[in-house]
Amino acid sequence: MERIKVSKLLKSVEFGMDVNVKGWVRTKRGNKNVAFIALNDGSIIHNIQVVVDVEKFDEETLKLITTGSCISVIGELVESMGQGQSCEIQAKEIQVYGTADAETYPLQKKGHTLEFLREIAHLRPRTNTFGAVLRIRHAMAYGIHKYFNDKGFVYLHTPIITGSDAEGAGAMFRVTTLDAANPPKNTDGTVNFVEDFFGKSTNLTVSGQLEGELGAMALSEVYTFGPTFRAENSNTPRHLAEFWMIEPEMAFFEITDNMDLAEDFLKYLISYALENCADDLEFLNKMYDNELIERLKFVVENPFERLPYTKAIDILVNSGHKFEFPVSWGTDLQSEHERYLVENHFKKPVILTDYPRDIKAFYMKQNEDGKTVRAMDVLFPKIGEIIGGSQREEDYDKLLARIKEMNIHEEDLWWYLETRKFGTAPHAGFGLGFERLILFVSGMSNIRDVIPFPRTPKNAEF
RNA sequence: UCCUACUUAGCUCAGUUGGUUAGAGCAUCUGACUGUUAAUCAGAGGGUCGCUGGUUCAAGUCCAGCAGUGGGAGCCA
């Protein structure tokens with residue numbers, strides 16, 4: 001008999017037919033006459049209740065059905081006699097695929113702390129919480145591709161191993177096949193990477209942006225969506241050493257077009273979650289964050305506040321609010337400043353633009369004032385910076401001057417500079433941290449709980 | 001990396017000014033119960049008190065170092 005998924009079954013109203021479901025047992029309870037098994041196959045947050053007439057089954061088989069075990073059930077789909085579910089399966093045949101020793105299986109019927117579940121990341125997808133988060137994560141990944149595809153963007157695969165050390169987005173992980181204990185050396189004692197696999201020093205990418213720009217200078221609109229690596233010793237609920245990032249890059253877009261796209265993109269994804277992940281969001285709203293759904297709707301329905309950095313500084317200085325770090329023009333905003341703007345002053349997402357050039361990357365387009373660049377950061381409640389982007393400097397001379405000024409090796413970027421030499425065009429783009437998006441959409445508060453197997457300093461288990 | 005808190009049963013936590021044999025709830029096991037919803041009720045088993053060292057007649061409790069985890073900060077997405 002063909003297997004039917006629980007998600008499909010719970011929507012079915014055709015009582016009286018025999019069905020086959022397969023899944024993992026969440027709980028079993030009952031008495032010597034009747035047993036109730038809550039079965040889940042991950043297709044939906046809800047379980048299907050399997051009713052077992054105890055005397056019709058072998059006692060030894062029923063004993064094997066414990067929390068965590070995996071079974072296949074054939075039975076009749078009937079209207080439930082009990083409260084709490086509309087339909088259930090009256091079991092006729094049960095096959096046990098895999099037992100789960102009750103004394104050692106770590107997941108209980110009772111709730112667990114997220115900290116404990118992180119220690120058993122191989123089993124936590126079997127919980128309601130992680131089932132919900134992982135389904136939402138999937139829906140967001142799909143929504144991202146759908147959004148860009150519908151808009152005519154080309155999905156560009158940028159390299160994961162990079163020889164460019166000039167991306168400037170943080171510490172990198174080295175990629176090498178050299179013997180760590182005994183690497184070939186130059187006469188001055190440094191490691192000779194000419195003998196390494198690629199004939200030069202290579203690292204894992206910290207951003208696909210520079211290559212993304214190369215694609216945009218031919219295909220007009222491109223986006224990347226792939227893993228990104230930062231070797232920073234960051235121990236916070238918002239950072240991972242390995243995370244996924246979405247980086248659209250658009251020719252002929254100026255900074256305002258970039259902001260429009262970023263806002264529309266975020267609103268599309270949040271709407272997509274509200275429409276397609278309603279059950280999972282309701283669960284998370286109930287269990288973790290009572291204002292989650294309300295907050296998601298608010299973000300979709302209200303325009304983001306847009307203002308230049310300089311104006312934000314004025315607001316902060318005149319706020320009368322006591323900050324731990326003083327506010328002054330020319331310094332980067334601290335978390336507390338961003339939080340004040342988003343959560344206290346505007347009470348909605350904020351897009352800040354035109355930051356001082358000295359605190360931003362070399363590739364950002366320089367404004368006429370000689371002091372600021374066309375950067376934009378999208379700040380969200382609870383999680384802070386969710387998007388960072390800019391219009392790019394398309395003028396060869398200005399870009400080269402900035403590279404020299406910041407002591408970046410221009411010879412490493414010859415290919416990047418050539419796009420400004422041959423058919424340059426105004427263009428812009430941004431980066432969205434995928435896990436930060438999931439954090440916001442799911443209402444979870446630690447980034448380690450929105451990726452299946454988190455990589456953080458001192459942790460690469462599983 | 002810095003600041004701070006925490007680490008006691010499978011899980012979540014109590015544990016008094018240092019003082020006999022370290023407790024509870026849940027989970028597990030056994031039994032009871034004719035349809036349960038984190039079922040309920042009764043009983044039982046379950047501990048190197050994170051690790052190392054120190055103070056003391058005596059350390060889960062006080063001190064030091066180390067490790068891990070949470071929260072905050074920095075770096076950023």
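Each chain gets a letter, A, B and so on, in the order the sequences are listed, and its residues count up from 1. Small disclaimer: the values here were computed from a predicted structure and weren't measured.
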Under 4.0 Å, heavy atoms only, any strand: does [X] hit a base, just the sugar-phosphate, or nothing?
X: A:Met81; value: base
X: A:Arg26; value: nothing
X: A:Ile387; value: sugar-phosphate
X: A:Thr236; value: base
X: A:Asn235; value: base
X: A:Phe243; value: base
X: A:Glu55; value: nothing

(message) Could you go through A:Asp264 and A:Tyr147, starting from their C-alpha distance and side-chain angles, then the distance that decides it, and tell me whether this counts as side chain to side chain donor-acceptor pair (under 3.5 Å)?
(response) CA-CA 10 Å; A:Asp264 186 60; A:Tyr147 178 84; 2.7 Å; yes
(request) Quick one: closest heavy-atom pair of A:Leu134 and A:Pro125, and the distance? (result)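 Closest approach of A:Leu134 to A:Pro125: CD1-CB, 4.0 Å.
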(message) Tell me which one of A:Tyr272, A:Phe153, A:Tyr223 satisfies ring-ring contact (aromatic ring centres under 6.0 Å, His included) with A:His145.
(response)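 Filter result, single survivor: A:Tyr223.
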(request) Compare side-chain N and O positions of A:Asn31 against OP1 and OP2 of B:C33 and report whether any pair is under 4.0 Å apart. (result)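 Looking at the OP1 and OP2 atoms of B:C33, neither is under 4.0 Å from any side-chain N or O of A:Asn31.
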(request) Indicate whether OP1 or OP2 belonging to B:C33 is found under 4.0 Å from a side-chain N or O atom of A:Lys32. (result) yes
(request) Identify which nucleotide among B:C75, B:G35, B:G10 has an atom closest to any side-chain atom of A:Arg238, counting heavy atoms from C-beta outward. (result)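 The closest nucleotide is B:C75.
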